[in-house]
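Working notes for the structure below.
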Amino acid sequence: MGLEEQKRILEDEYPELARPGRAGEKRAETKRLPPLPGAEKGRVVTRFAPNPDFAMHIGNARPAILSHEYAREYRGKMILRFEDTDPRTKTPIKEAYDLIREDLKWLGVKWDEEHVQSLRMEFFYEAAREALEKGCAYIDLCGEAGRELLREGKYCKTRDNSPEWQLGEFDKMLSGVYGEKEAVVRVKTDPNHPNPSIRDWVALRIIDTSKTPHPLVGDKYIVWPTYNFAVTVDDHLMGVTHVIRAKEHEVNTEKQLFLYKCLRWEPPRFIHIGRLKLEGFILSKSFIRKIMDENPGKFWGFDDPRFGTIAGLRRRGITPEAIREVILHLGVKHTEATLSWANLASINRKILDARSDRIMFVESPRAFRVSMDKCREASIPVHPDRPETRKYRICPGDIVYLDSRDVEESPRVRLLGLDNFSVEKERSLLEMIGGGVEYARKASIPIIQWVPASRAVDVKVLKPEGLELVESRGVAEEAIRNYRIGDTLQFVRYGFIRIDKTGSDVTVIYTHD
RNA sequence: GCCGCGGUAGUAUAGCCAGGCCAAGUAUGCGGGCCUUUCGAGCCCGUGACCCGGGUUCAAAUCCCGGCCGCGGCACCA
């Protein structure tokens with residue numbers, strides 16, 4: 001069926017669809033998120049609560065983007081809260097606070113409020129006193145034995161002491177009377193709960209910050225809230241209505257509900273989503289740390305394009321729009337999802353296509369002398385959707401570079417924007433045969449990219465493949481110098497790339513085809 | 001081992017709560033075609049799935065039970 005016929009049928013049968021549309025418009029109608037349970041317009045408060053001990057990866061981006069999207073959809077607000085209450089085993093990294101802020105901004109996630117838990121310690125102490133006073137929590141002075149007792153469904157006898165005693169002991173904890181592991185605040189749940197970790201879970205513990213100082217507050221505090229306690233208190237204090245977090249928190253939700261109930265706080269709605277993996281990429285913090293340690297010099301840092309970190313994807317040329325679209329498409333499903341690279345690349349390609357200028361790049365270049373009757377001007381479109389072109393004056397005897405594979409595959413080629421030639425490999429000669437683009441089409445002569453030798457720039461292409469970075473070299477039109485680090489381009493018939501380094505030669509990272 | 005959650009095409013997702021309009025929609029992938037001075041984009045056509053077994057019902061992807069498989073959790077981590 002010819003195009004005209006297709007158009008006619010479309011217009012006859014579906015006139016409402018026949019209006020010319022652009023790719024962007026189609027994407028605008030991306031699927032909507034399912035409604036938030038119990039949400040009221042203007043009263044939704046969500047939060048994204050990362051631990052600043054590492055850069056963000058695409059898995060963390062999921063709750064961040066969903067929290068933002070829902071807040072926006074319901075005209076509510078979103079809170080960014082750094083959960084840095086463990087200076088001992090998950091020590092926060094000072095730089096990570098900014099890295100996360102940067103990544104979020106880049107992803108288009110805008111937050112309305114920001115808090116840092118290590119700067120809110122008084123609130124946690126206050127809440128602890130309230131819990132102690134109301135009999136929702138107690139001080140466990142049994143040390144290691146306390147945990148053992150709970151494992152057997154029993155508990156430390158201090159559980160039954162009066163609120164006055166509890167408050168008194170809490171002050172002693174704060175003033176440094178007890179060392180690590182000697183005293184701990186527990187929330188009363190059910191000492192016989194089938195899940196032992198839920199039995200009277202720990203709300204605050206002592207961390208000797210003279211040994212393991214906190215990057216923000218040093219050794220100012222020794223009594224630190226645990227994740228579950230800090231989260232519950234802050235979600236309540238900040239009026240969070242909807243918590244969207246990974247499903248590894250399901251048990252935590254159950255723990256937290258005991259506190260909400262005892263303190264008569266209204267709990268938010270909890271939505272648990274599955275973890276997200278990206279095909280062919282490593283996301284795990286610990287694994288990234290490990291391979292970086294084991295292979296000094298091999299990786300570039302958090303933003304290595306071989307990692308599934310936000311910074312890595314950015315450096316590779318993935319757009320925030322594509323990440324957002326993919327994540328919204330995933331929705332709030334409970335199951336684990338493995339994002340296929342092909343899918344991400346496809347969405348990204350459509351976005352990049354519109355905004356990436358075209359440059360001719362030749363991999364493994366081979367020089368050919370042009371043989372023709374007179375000088376000619378070649379016009380290379382900067383972008384197929386726009387009229388601008390780059391002009392090259394090519395004269396008999398000039399040298400051009402062609403991809404050696406292209407000349408292997410065909411005895412005749414059309415140099416894009418110039419003319420048709422027959423290839424004489426032995427003499428490294430291109431003999432003009434003319435005939436225009438119509439002839440090239442009809443005769444199935446491949447239209448290939450080429451680079452004038454007099455105006456070629458050396459280019460190094462780095463292609464991430466698993467844990468390797470495959471390097472190849474070639475030449476590109478000198479027009480590549482018009483672009484800066486961070487710009488994306490399409491190398492004609494090669495793929496999309498992002499400029500990573502400029503200098504005497506140019507280093508680019510291969511994004512995808 | 002113990003607790004919890006889930007299983008729709010190669011991948012991802014819609015539908016499941018409120019059973020029929022679902023011989024299952026969409027994206028991507030794959031095959032074919034159109035268009036095009038790129039093997040890109042766009043357009044058209046095609047391909048391909050309800051984990052298995054029982055039950056309830058006039059009717060089940062949807063509800064119930066069992067099995068299998070997958071995932072999460074079982075910290076004084078977040």
Side-chain angles (χ1 to χ4, degrees), chain A residues 1-7 9-10 20-23 26-27 30-31 34 49-54 83-86 88-92 117 140 143-144 146-147 180-186 193-199 201-207 224 226-228 230-231 245-252 254 272 274-275 279 285 325-326 328-331 333-347 349-350 352-354 356 358 360 378-381 383-385 389 414-419 436-438 440-441 446-449 490-496 513:
Chain A
M1 195 190 295
L3 184 65
E4 283 314 309
E5 195 183 346
Q6 290 173 21
K7 276 185 185 156
I9 290 171
L10 181 66
R22 302 238 69 212
K26 193 181 176 188
R27 261 198 318 282
T30 337
K31 83 164 233 204
N51 177 351
D53 68 341
F54 205 76
E83 312 223 307
D84 54 351
T85 59
D86 180 13
R88 186 167 51 196
T89 55
K90 282 210 174 162
T91 317
Q117 288 191 320
D140 174 343
E144 293 288 352
R147 201 194 312 194
E180 287 190 1
K181 300 192 184 225
E182 286 174 4
V184 80
V185 179
R186 290 186 181 275
H193 194 282
N195 183 341
S197 82
I198 291 178
R199 298 175 194 163
W201 52 270
V202 172
L204 299 102
R205 77 294 208 194
I206 293 164
I207 293 175
W224 286 87
T226 60
Y227 168 79
N228 277 302
V231 159
R245 53 169 30 158
K247 76 168 171 178
E248 65 228 39
H249 288 297
E250 276 167 331
V251 176
N252 289 326
E254 207 179 339
H272 296 111
R275 292 163 61 121
E279 181 189 72
K285 292 178 188 180
E325 184 170 335
V326 162
L328 291 182
H329 177 75
L330 295 180
K333 255 194 128 186
H334 202 100
T335 44
E336 169 152 324
T338 304
L339 241 168
S340 82
W341 172 249
N343 214 134
L344 214 210
S346 163
I347 293 168
R349 183 180 301 123
K350 286 167 197 163
L352 247 32
D353 182 63
S356 303
R358 271 52 172 174
M360 293 196 291
S379 292
I380 310 301
H383 189 287
D385 295 345
T389 55
R414 174 175 178 78
L415 303 198
L416 183 77
L418 187 62
D419 215 314
V437 69
E438 301 75 24
R441 280 253 167 65
I447 299 167
I448 64 167
Q449 76 279 22
Q490 190 200 83
F491 279 175
V492 172
R493 293 179 66 240
Y494 186 81
F496 291 90
D513 57 12

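Residue numbers start from 1 in every chain, and the chains themselves are labelled A, B, ... in the order their sequence lines are given, proteins ahead of strands.
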Reckon A:Arg88 has a side-chain N or O less than 4.0 Å from the OP1 or OP2 of B:C77? yes
Does some side-chain heavy atom of A:Arg205 sit less than 4.5 Å from a side-chain heavy atom of A:Arg88? yes
Does a side-chain N or O of A:Arg441 approach OP1 or OP2 of B:U36 to a distance below 4.0 Å, or not? no
If every non-hydrogen atom of A:Val231 is compared with every non-hydrogen atom of A:Glu83, which pair is closest and at what distance? CG2-OE1, 3.2 Å
Please measure how far the C1' atom in B:U13 lies from the corresponding atom in B:U56, and state the result in whole Å. 30 Å
Using the C1' atoms only, state how far B:G20 lies from B:C34, rounded to an integer number of Å. 41 Å
Kindly say whether A:Val202 contributes a backbone atom to a donor-acceptor pair with the side chain of A:Thr226 at under 3.5 angstrom? yes
Using atom C1' in both nucleotides, what's the gap between B:U57 and B:C63 to the nearest angstrom? 10 Å
Could A:Asp353 and A:Arg358 be called an ion pair, given the rule that one side-chain N must be under 4.0 Å from one carboxylate O? yes
Pair of N/O donor and acceptor under 3.5 Å linking B:U38 base with A:Gln490 side chain: yes
Roughly how many Å apart are B:G7 and B:A61, using the P atom of each and rounding to a whole number? 15 Å
Which atom pair, heavy atoms only, marks the closest approach of A:Thr389 to A:Pro381? CG2-CA, 4.0 Å
Starting at atom CG of A:Leu339, determine the distance to atom P of B:G29, rounded to an integer number of angstrom. 14 Å
Which is true for A:Thr338 with a 4.0 Å heavy-atom rule: it touches a base, it touches only sugar-phosphate, or it touches nothing? sugar-phosphate
Closest approach of A:Arg186 and A:Arg199, non-hydrogen atoms and distance? NH1-O, 4.4 Å
Could you state the atom-to-atom distance from CG of A:Asp84 to P of B:A78 in whole Å? 10 Å
Quick test of your reading of the model: are A:Arg147 and A:Asp140 salt-bridged, counting only N-O distances below 4.0 Å? no
Does B:A78 have its OP1 or OP2 closer than 4.0 Å to a side-chain nitrogen or oxygen of A:Thr85? yes
Map A:Gln117 and A:Leu416 onto RNA chain B by nearest heavy atom, then report which one ends up closer to the 5' terminus. A:Leu416
NE2 of A:His329 versus C1' of B:G15: gap in Å, rounded? 14 Å
Kindly indicate whether the side chain of A:Arg414, heavy atoms from C-beta on, has any atom under 4.5 Å from the side chain of A:Val437. yes
Out of B:C76, B:A12, B:U38, minimum distance to the side chain of A:Val202 belongs to B:C76
Value in whole Å for how far the P atom of B:U38 lies from CZ of A:Phe491: 18 Å
So what does A:Pro384 touch, heavy atoms closer than 4.0 Å: a base, only the sugar-phosphate, or nothing? base
A:Tyr227 OH to B:A78 P: how many Å, rounded? 9 Å
Nearest to the side chain of A:Ser340 - B:U11, B:U37, B:C77? B:U11
I want to verify a distance call: between B:C74, B:G73, B:U38, whose nearest atom is closest to the A:Arg275 side chain? B:G73
Candidates B:C74, B:U37, B:U11 - which lies nearest the side chain of A:Asn343: B:U11
When the P atoms of B:A24 and B:A49 are considered, how many whole Å apart are they? 10 Å
In whole Å, what separates the P atom of B:G29 from that of B:C21? 31 Å
With a 4.0 Å cutoff (strictly under), does any side-chain N or O of A:Arg147 reach OP1 or OP2 of B:A75? no
Under 4.0 Å, counting only non-hydrogen atoms across every strand here, what does A:Tyr494 touch: a base, just sugar-phosphate, or nothing? nothing
Is the shortest heavy-atom distance from the side chain of A:Leu416 to the side chain of A:Ile448 under 4.5 Å? no
Output the distance between atom NZ (A:Lys181) and atom CD1 (A:Ile207), rounded to the nearest 0.5 Å. 10.5 Å
Spacing between A:Trp224 atom CH2 and B:C76 atom P, to the nearest angstrom: 18 Å
A:Pro381 or A:Phe496: which one's nearest nucleotide on RNA chain B is closer to the 5' end? A:Pro381
B:G73 OP1/OP2 closer than 4.0 Å to side-chain N/O of A:Arg245: no
Could you give the CH2-to-P distance, from A:Trp201 to B:G73, as a whole number of Å? 18 Å
Rounded C1' spacing from B:C3 to B:U26 in Å: 37 Å
What is the distance, to the nearest angstrom, from the CG atom on A:Asn252 to the P atom on B:C77? 12 Å
Need one value for A:Arg358: base, sugar-phosphate or nothing, where a base atom within 4.0 Å counts as base even if backbone is also close, heavy atoms only. base
Atom P, compared across B:A41 and B:C52: separation rounded to whole Å: 36 Å
Proximal nucleotide (of B:A41, B:G29, B:A78) relative to the A:Lys350 side chain: B:A41
Protein-nucleic acid N or O pairs under 3.5 Å, nucleotides 3-7 of chain B:
{"from": "B:C5", "atom 1": "O2'", "to": "A:His334", "atom 2": "NE2", "distance (Å)": "2.8"}

A:His193 and A:Ile198: which non-hydrogen atoms are nearest, and at how many Å? CE1-CD1, 3.4 Å
With pairs defined as Watson-Crick or G-U wobble and both distances under 3.5 angstrom, please note down RNA chain B as a dot-bracket string, | for pairing with another strand. (((((((..((((......[....))))((((((.......))))))...(((((..]....))))))))))))....
Which part of the nucleic acid, if any, lies within reach of A:Arg186 when heavy atoms closer than 4.0 Å are counted: base, sugar-phosphate only, or nothing? nothing
Are the side chain of A:Arg275 and the backbone N or O of A:Ala246 linked by a donor-acceptor pair below 3.5 Å? no
Closer than 4.0 Å, any side-chain N/O of A:Arg205 to the OP1 or OP2 of B:C77? yes
For A:His249, the ring-ring contact (aromatic ring centres under 6.0 Å, His included) test, sequence neighbours excluded, returns A:Tyr227
